[in-house]
Amino acid sequence: MTDLGELYQQVILDHNRNPRNFRTVPGANRHAEGYNPLCGDRISLDVRVEDGVIQDVGFQGSGCAISKAAASLMTAAVHGKTTAEANELFRAFHAMLTGGPNAPGKLAAFAGVRAFPARVKCANLSWHALRAALEKIGEPVTTESPSD
Amino acid sequence: MTDLGELYQQVILDHNRNPRNFRTVPGANRHAEGYNPLCGDRISLDVRVEDGVIQDVGFQGSGCAISKAAASLMTAAVHGKTTAEANELFRAFHAMLTGGPNAPGKLAAFAGVRAFPARVKCANLSWHALRAALEKIGEPVTTESPSD
Amino acid sequence: MLDTVSVRADFPILAREENGKRLVYLDNAATSQKPRKVLDAIQHYYHFHNANVHRGAYTLAVEATEAYEAGRTAVAGFVNAWAREAVVFTRGTTESINLVASSWGRTNVQPGDRVVVTAMDHHSNIVPWQILCQEKGATLRMVEITEDGRIDLSDFGRALESKPKIVAFPYVSNSLGTVNPVAQLTRLAHAAGAVAVVDGAQAAPHLRVDVQAIDCDFFAFSGHKMLAPMGSGALIAKPALLEAMPPYHGGGEMIERVWDDHATWNKIPHKFEGGTPNVEAAVGLGAAIAYLEQLGMDRVAEHESALARVAIERLTQIESVTIYGPRDHRAGVVPFTYGDIHPHDLATILDRDGVCIRAGHHCTQPLMRRLGVAATARASFYIYNDVDDIDALVSALRKAGELFGVPA
Amino acid sequence: MLDTVSVRADFPILAREENGKRLVYLDNAATSQKPRKVLDAIQHYYHFHNANVHRGAYTLAVEATEAYEAGRTAVAGFVNAWAREAVVFTRGTTESINLVASSWGRTNVQPGDRVVVTAMDHHSNIVPWQILCQEKGATLRMVEITEDGRIDLSDFGRALESKPKIVAFPYVSNSLGTVNPVAQLTRLAHAAGAVAVVDGAQAAPHLRVDVQAIDCDFFAFSGHKMLAPMGSGALIAKPALLEAMPPYHGGGEMIERVWDDHATWNKIPHKFEGGTPNVEAAVGLGAAIAYLEQLGMDRVAEHESALARVAIERLTQIESVTIYGPRDHRAGVVPFTYGDIHPHDLATILDRDGVCIRAGHHCTQPLMRRLGVAATARASFYIYNDVDDIDALVSALRKAGELFGVPA
Ligand SMILES: Cc1ncc(COP(=O)(O)O)c(C=O)c1O
Ligand SMILES: Cc1ncc(COP(=O)(O)O)c(C=O)c1O
């Protein structure tokens with residue numbers, strides 16, 4: 001069970017059970033929907049950006065432990081960051097999942113997902129929603145397309 | 001080439017080259033069309049029946065040597081016969097092609113077709129057309145359906 | 001029960017390990033594994049008889065045609081079809097149902113008409129009817145299910161009051177395991193003047209099907225769920241209906257004559273088999289049917305119900321497990337949830353122990369909404385599964401419970 | 001020329017005898033034989049990785065999904081598609097064209113519109129358009145061919161004057177061997193405001209295809225004609241067109257969300273792949289492409305043209321033989337007649353010497369009418385054929401001539 005332990009690290013199990021920022025954001029000026037139709041994971045993301053800084057961020061939705069914890073940890077990680085810094089974190093997270101070095105801080109907890117290719121899309125979904133929200137892309141995002 | 005010789009017997013080659021009764025029939029009161037869509041063999045059959053006797057019969061169309069010779073020999077065989085006798089010949093011919101004893105007279109020339117399952121439908125087409133004509137079935141006949 | 005030791009020996013993939021563990025394949029409702037006899041039949045076909053069918057005058061083509069049509073004969077016998085020409089080969093259930101919606105549906109459904117499906121139908125038996133209804137200005141009516149996961153017969157009756165043109169329902173639900181009373185539903189549909197379309201995807205592999213006894217108008221199934229290769233399947237339909245229907249795919253094989261601006265059609269079933277037929281699929285389906293008939297479909301059904309009973313019994317002993325579907329009249333499909341562990345997490349955790357189950361909506365989103373869940377986990381059995389597989393399932397589940405701190 | 005000795009060794013069926021003779025398979029335009037590598041890839045898939053794709057969270061399902069999508073990547077590279085998602089898997093050419101007619105056609109063709117095809121098209125590229133035109137009250141216009149069997153470019157130009165919505169034509173004619181100037185035809189079609197549909201059934205197996213260079217909108221081909229299993233094939237389409245088109249088959253895989261009365265669609269290409277995908281077909285197609293690319297498509301094309309040249313030269317020496325199709329720009333398809341011997345009789349006689357040729361209308365009845373024949377005989381070559389096969393063909397033909405008393 002070592003590798004399962006690496007996937008379901010305590011921090012992930014904790015954020016799954018008690019997701020942070022699991023709420024709508026009053027005065028949100030960015031929004032995105034994420035949906036993986038085949039597996040059913042769903043996220044609705046609110047962001048309030050002022051002067052290039054993420055002043056508040058929250059999410060709602062349903063999904064597996066990986067997707068819920070990823071969304072929770074993401075909101076914690078980008079809260080108070082500039083959009084440029086958030087984009088940098090997106091890149092670092094994405095790089096980690098595709099074989100690169102660990103992402104900073106608690107995000108490193110998701111390094112274990114690499115060994116579970118079927119679950120990468122779960123860890124990714126909220127991050128792609130974030131990018132869509134920041135870039136004001138109206139379309140719902142998905143991380144399920146095999147071309148991704 | 002022995003078996004090819006059995007398929008393409010002289011009588012068949014002869015009737016292919018010089019088909020008998022290759023014509024329309026004046027005053028025909030029975031008619032049928034035969035068509036095998038996959039291979040393209042086609043026959044148009046005219047019959048004049050009076051008092052239960054086939055007074056005249058002729059065919060037109062295009063097809064391979066087997067189908068043309070079969071039609072030609074059929075017209076020769078049923079000319080002057082009663083419809084009951086013609087039906088009897090149909091049954092004998094059909095039985096021969098499906099493994100039964102040889103049909104009477106020159107029709108026995110088609111016994112070799114048995115060894116060529118793909119060509120049975122060619123030998124059969126005119127006979128099925130005859131039956132359709134005698135039974136006044138309006139639909140074109142085919143012998144290509146694999147359920148046949 | 002079947003002699004699973006000898007059955008398992010026929011399935012090469014079951015000798016494979018998954019993550020260092022014996023492969024415990026419990027996703028049979030999604031697709032089945034293939035026995036050596038089926039794979040050998042396919043190889044044999046390509047090694048000795050491969051050719052395009054129906055149009056060839058050479059030996060190889062005759063052999064290929066015979067192999068193809070022998071597959072049709074086997075299917076006709078397997079489901080007790082009205083005739084050989086009642087069997088139209090398709091890629092599978094989805095294509096079969098789309099064929100009916102496109103050909104019979106487009107011809108017969110008018111604006112204002114009704115089409116009835118059930119809330120337990122698979123997307124493949126819902127979406128084609130939605131598309132048809134949207135195109136024609138008809139209305140789709142979804143029959144509700146009971147608390148315990150059966151078709152609500154009084155709602156079914158109410159739905160029939162509107163005199164629908166088409167009534168579609170599954171023989172066996174892939175998300176609940178329910179075995180529906182298809183002969184009765186067909187009788188009611190006919191009494192209301194509708195044609196009955198039976199989605200047999202989960203029935204043909206698992207129980208003895210008799211379309212004449214059901215008296216349905218259309219019956220669809222997939223070969224890949226019943227030991228046959230992917231890309232195999234059929235639509236079985238009453239010949240008189242097929243005769244009257246326009247063709248589906250235009251192309252080779254299905255024509256009688258082609259003129260510059262129009263064409264006439266070949267006889268049934270060929271009218272519906274445009275393009276080069278998949279001979280491999282017919283050969284593989286024939287071999288799969290031979291394999292199943294040697295076991296005996298009654299014994300197959302019995303084996304799977306027995307496994308389902310054992311699985312339900314064991315799973316019920318785990319405190320936080322909820323099982324979906326009816327107590328009786330169920331096939332070897334066992335859907336469940338385990339506390340608040342998401343089914344995808346369950347599937348990942350079980351996979352580490354070599355146990356393959358499905359997690360998700362199982363292509364039945366309208367049903368999931370009614371069950372009030374986003375997803376369930378599902379174990380589904382076939383002829384090679386045995387009680388050891390259930391043990392493996394249960395012990396892997398207990399590990400998941402530990403990891404997530406859910407009461408066992 | 002290819003090293004046919006080593007190529008032949010890869011094809012198990014070529015070791016078989018037909019009627020006591022070496023099998024001389026010259027019906028490759030109908031379907032190709034399969035090399036061991038393709039059959040092994042299929043076996044390997046079923047022995048180790050078989051599962052339903054896209055929806056599984058277990059290892060086997062991940063592997064199956066990867067295998068399936070790797071097949072897509074292979075196809076995209078093989079025809080130089082715009083993107084991976086430009087590749088929609090289908091059963092073959094016929095289904096691909098029907099998909100376009102049904103989805104793009106039904107959406108875009110209005111009463112009074114025109115659709116253009118050519119008189120050398122296969123029924124699969126005629127009948128779907130006839131059906132579409134009949135349904136929509138549009139008109140089908142058939143472009144004539146020249147004396148020597150090429151598309152009549154001035155008639156093509158005239159047909160375009162009516163501003164058709166769709167122009168469909170074959171890359172390579174299966175009945176004449178003509179290689180058409182598809183990039184030029186596409187340019188002309190676009191200039192007239194039409195979409196260009198290329199029937200690539202006889203091109204993909206035999207020459208290097210570059211859909212971006214052609215710039216066509218839709219390109220259809222069949223796997224079974226290019227070493228891959230039956231039931232494999234694809235439609236390649238410009239992604240923007242696919243995005244805008246309604247789906248084809250409703251069912252699993254192709255949906256985003258399903259509500260009781262309507263549904264939303266998955267991304268392309270999945271939107272067009274309703275139902276359980278045929279993973280075997282994708283795996284087999286990938287293996288076939290790998291095999292062909294190792295030989296090199298340019299060398300494949302060269303090999304076949306060389307064989308066609310030799311065959312035409314030898315056949316021309318038989319006095320009563322007539323060869324159809326153009327002198328230049330032709331692929332490895334050689335249609336002919338021999339005196340007044342009916343092609344079916346030829347096929348039967350040749351078969352006794354192990355030589356498999358096709359006889360008939362080759363699913364091109366409008367062309368046959370223009371050629372003024374009911375049927376032709378056709379020899380068509382592939383990578384395993386060589387000059388010995390042509391010798392066998394010619395000597396068997398001479399026997400037929402003797403039997404029927406036709407001047408040799
Ligand atoms: C030019 C052409 N188009 C279309 C087809 C149809 O292909 P399929 O039968 O594989 O769908 C064929 C072959 O039969 C062909 O040669
Ligand atoms: C009940 C039911 N109907 C339809 C289908 C669709 O079958 P296929 O994907 O083989 O077309 C399935 C399986 O996926 C099913 O379980």
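In what follows, every heavy atom counts, from backbone to side chain, and hydrogens, waters and symmetry copies are set aside.
- With values rounded to the nearest 0.5 angstrom, C/Lys225 atom NZ is found 6.0 Å from D/Asn52 atom CG.
- In terms of heavy-atom pairs under 4.5 Å with chain C, the best-connected choice from D/Ala51, D/Gly92, D/Gly360 is D/Ala51.
- Using a 4.5 Å cut-off between heavy atoms, C/Arg16 touches chain D through its side chain atoms alone.
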* Asked: After noting the C-alpha distance and the side-chain angles of C/Ile42 and D/Gln43, does the key distance pass the side chain to side chain contact (heavy atoms under 4.5 Å, CB included) rule?
  -> CA-CA 9 Å; C/Ile42 295 172; D/Gln43 286 265 12; over 6 Å; no
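- Contact annotation for C/Glu17: neither backbone nor side-chain heavy atoms come within less than 4.5 Å of a heavy atom of chain D.
- Contact annotation for C/Gln134: only side-chain heavy atoms (C-beta onward) come within less than 4.5 Å of a heavy atom of chain D.
- Put simply, NE2 on D/His249 and CD on C/Glu95 are 4.5 Å apart, with the number rounded to the nearest 0.5 Å.
- In terms of heavy atoms, C/Asn278 sits closest to D/Gly231 at ND2-CA, 3.4 Å.
- Contacts with chain C were tallied for D/Asn19, D/Val127, D/Thr348; D/Val127 has the most, counting heavy-atom pairs under 4.5 Å.
- Residue C/Ile13 holds its CD1 atom at 4.5 Å from CG of D/Leu60, rounded to the nearest 0.5 Å.
- The contact between D/Tyr25 and chain C is made entirely by side chain atoms (from C-beta outward), counting heavy-atom distances below 4.5 Å.
- Under the 3.5 Å distance criterion, the side-chain polar atoms of C/Asn50 are matched with a main-chain donor or acceptor of D/Ser32.
- Ranked by heavy-atom pairs under 4.5 Å with chain C, the first of D/Phe11, D/Tyr248, D/Trp129 is D/Tyr248.
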* **Chi angles and distances behind the side chain to side chain contact (heavy atoms under 4.5 Å, CB included) call for D/Met368, C/Val258** => CA-CA 11 Å; D/Met368 290 291 144; C/Val258 177; over 6 Å; no
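- Not a single donor-acceptor pair under 3.5 Å links the side chain of C/Asp261 to the backbone N or O of D/Leu140.
- For a residue to count as touching a neighbouring chain, one of its non-hydrogen atoms must lie under 4.5 Å from one of that chain's; by this rule C/Arg36 does not touch chain D.
- Neither the backbone nor the side chain of D/Asn125 has a heavy atom closer than 4.5 Å to any heavy atom of chain C.
- Rounding to the nearest 0.5 angstrom, the gap separating the SG atom in D/Cys363 from the CE atom in C/Met254 is 11.0 Å.
- Only the backbone of D/Ile357 comes within less than 4.5 Å of a heavy atom in chain C; its side chain stays farther off.
- With a 4.5 Å cut-off on side-chain heavy atoms, C/Arg369 and D/Trp259 count as touching.
- To the nearest 0.5 Å, atom CE of residue D/Met230 and atom OH of residue C/Tyr46 are 6.0 Å apart.
- Proximity to chain C (any heavy atom under 4.5 Å) is restricted, for D/His224, to the side chain, taken from C-beta onward.
- When heavy atoms are compared at a cutoff of 4.5 Å, C/Ile126 approaches chain D solely by way of its side chain, counted from C-beta outward.
- In terms of heavy-atom pairs under 4.5 angstrom with chain C, the leader among D/Thr31, D/Leu99, D/Thr93, D/Leu23 is D/Thr31.
- Of the inter-residue distances, the one linking C/Phe48 atom CZ with D/Glu18 atom CD reads 13.0 Å to the nearest 0.5 angstrom.
- Contact annotation for C/Leu39: both backbone and side-chain heavy atoms come within less than 4.5 Å of a heavy atom of chain D.
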* To do: Could you please spell out the steps behind the side chain to side chain contact (heavy atoms under 4.5 Å, CB included) verdict for D/Glu280 and C/Glu280?
  => CA-CA 11 Å; D/Glu280 176 201 318; C/Glu280 176 201 318; 2.6 Å; yes
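- Here the side chain of C/Asn98 pairs a donor or acceptor atom with the backbone of D/Gly250 at under 3.5 angstrom.
- Closest heavy-atom contact between C/His123 and D/Gly252: CB-N, 4.2 Å.
- Contacts of C/Thr90 with chain D are made by backbone atoms alone, with heavy-atom separations under 4.5 Å and no side-chain atom involved.
- In this structure, the portion of D/Ile131 lying under 4.5 Å from any heavy atom of chain C is its side chain and not its backbone.
- Interface remark: C/Leu14 contributes no atoms to any contact with chain D (heavy atom separation under 4.5 Å).
- Proximity to chain C (any heavy atom under 4.5 Å) is restricted, for D/Arg370, to the side chain, taken from C-beta onward.
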* **Test side chain to side chain contact (heavy atoms under 4.5 Å, CB included) applied to C/Thr94 and D/Thr276, step by step** => CA-CA 8 Å; C/Thr94 302; D/Thr276 298; over 6 Å; no
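- Comparing C/Ala347, C/Pro128, C/Gly233 by how many heavy-atom pairs each has under 4.5 Å with chain D, the most go to C/Pro128.
- In this structure, chain D has no heavy atom under 4.5 Å from any part of C/Ala281.
- Both the backbone and the side chain of C/Arg257 have a heavy atom closer than 4.5 Å to some heavy atom of chain D.
- Heavy atoms of C/Asp345 lying under 4.5 Å from chain D are absent altogether.
- In this structure, D/Arg358 and C/Tyr58 approach most closely via the heavy-atom pair NH2-OH, 3.4 Å.
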